[in-house]
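Shown next, in structure tokens, is the structure this report addresses.
Letters A, B, ... mirror the listed sequences (proteins, then strands); counts begin at 1. Worth saying up front: this structure is predicted, and the values here are computed from it rather than measured.
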Amino acid sequence: EPEVTQTPSHQVTQMGQEVILRCVPISNHLYFYWYRQILGQKVEFLVSFYNNEISEKSEIFDDQFSVERPDGSNFTLKIRSTKLEDSAMYFCASSDLSRTGELFFGEGSRLTVL
Amino acid sequence: SQQGEEDPQALSIQEGENATMNCSYKTSINNLQWYRQNSGRGLVHLILIRSNEREKHSGRLRVTLDTSKKSSSLLITASRAADTASYFCATVTNNAGNMLTFGGGTRLMVKP
């Protein structure tokens with residue numbers, strides 16, 4: 001069964017460092033998303049991406065965050081200068097033509113900022 | 001409270017019993033979805049119910065939606081130990097494009 005894959009599964013970084021989280025969405029999907037879940041809290045929407053541009057973003061997704069689809073398969077989330085409060089599990093998701101339908105999530109990348 | 005709040009926050013039952021989780025939301029929705037998350041793992045889609053639907057079944061899952069009360073329930077029948085997980089409702093609102101808004105989740109423990 002096709003799945004969304006994310007790397008790395010866990011990354012530890014120093015405050016102020018840049019981090020890139022990578023995702024390979026399901027191949028025939030057209031909508032891509034990043035969500036995050038701070039330990040013990042709700043899953044929060046960060047950004048959605050369609051047709052090579054951001055279609056929607058939340059207040060969390062400030063200038064420190066960026067997304068990119070550098071080739072036909074990868075979808076990346078970059079945090080330019082990490083803060084302690086960026087420590088969370090980051091989930092990538094993708095969906096097919098139906099943008100209001102089911103999302104397929106990856107297993108997540110745990111980011112720990114020290 | 002925010003869009004998508006689950007009740008109860010935690011539920012502990014014996015294997016074989018039914019588990020019912022509730023979700024309330026604030027604004028008009030396009031659809032409501034339920035997801036499951038095993039500890040430390042990703043979210044797995046369980047079922048989607050559209051705003052014009054009232055009930056939906058999938059295997060041992062039954063979801064209801066009451067748009068007049070802005071609430072939904074997820075019923076897991078004949079629970080198994082493997083059903084132990086956190087369950088989240090998530091809404092897609094009419095004006096929010098393709099963004100899912102998640103609730104805080106219900107932690108379900110099914111004891112063998």
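The 12-atom threshold is not exceeded at CG of Leu39(A), counting heavy atoms of other residues, nucleotides or ligands nearer than 6.0 Å. Heavy-atom neighbours of Gln9(B) CD from other residues, nucleotides or ligands within 6.0 Å: at or below the threshold of 12. In this structure, Arg80(B) places its CZ atom where only 12 or fewer heavy-atom neighbours from other residues, nucleotides or ligands lie under 6.0 Å away. Other residues, nucleotides and ligands place no more than 12 heavy atoms under 6.0 Å from the CG atom of Asp63(A).
Side-chain atoms of Tyr33(A) do not come within 3.5 Å of backbone N or O of Leu100(B) as any donor-acceptor pair.
Connection of Met99(B) to Phe61(A) is not established within any shared hydrophobic cluster, with ILVMFWY side chains joined at heavy-atom distances below 4.5 Å, either directly or through further cluster members. The cluster map of Ile, Leu, Val, Met, Phe, Trp and Tyr, joined by side-chain heavy atoms under 4.5 Å apart, puts Phe75(A) and Ile20(A) in different clusters. Cluster annotation: Leu46(A) is not connected to Tyr50(A) through the hydrophobic network of ILVMFWY side chains, with a link wherever side-chain heavy atoms come within less than 4.5 Å. Val4(A) and Tyr90(A) fall into different hydrophobic clusters, where Ile, Leu, Val, Met, Phe, Trp and Tyr residues are linked whenever their side-chain heavy atoms come under 4.5 Å apart, directly or through other members.
Rounding to the nearest 0.5 Å gives a distance of 13.0 Å between CG of Leu43(B) and CZ of Phe104(A). Taken from CZ in Arg41(B) to CD in Glu107(A), the straight-line distance is 4.0 Å, to the nearest 0.5 Å. Atom NE2 of His45(B) and atom OG of Ser95(A) lie 10.5 Å apart (nearest 0.5 Å).
Taking the side chain as every heavy atom from C-beta outward, Gln37(B) and Phe91(A) approach each other to under 4.5 Å. Tyr35(B) has its side chain within reach of Leu103(A): a pair of non-hydrogen atoms, C-beta onward, lies under 4.5 Å apart.
Within the 4.5 angstrom heavy-atom criterion, no atom of Ser58(A) approaches chain B.
The two residues Gln33(B) and Glu102(A) have their closest heavy-atom pair at OE1-CA, 3.8 Å. Closest approach of Phe88(B) to Gln37(A), counting heavy atoms only: CZ-NE2, 3.8 Å.
Ring to ring, Phe45(A) and Phe102(B) are not that close: their centroids are 6.0 angstrom or more apart.
Taking Ser48(A), Ser9(A), Gly108(A) one by one and counting their heavy-atom pairs under 4.5 Å with chain B, the maximum is reached by Ser48(A).
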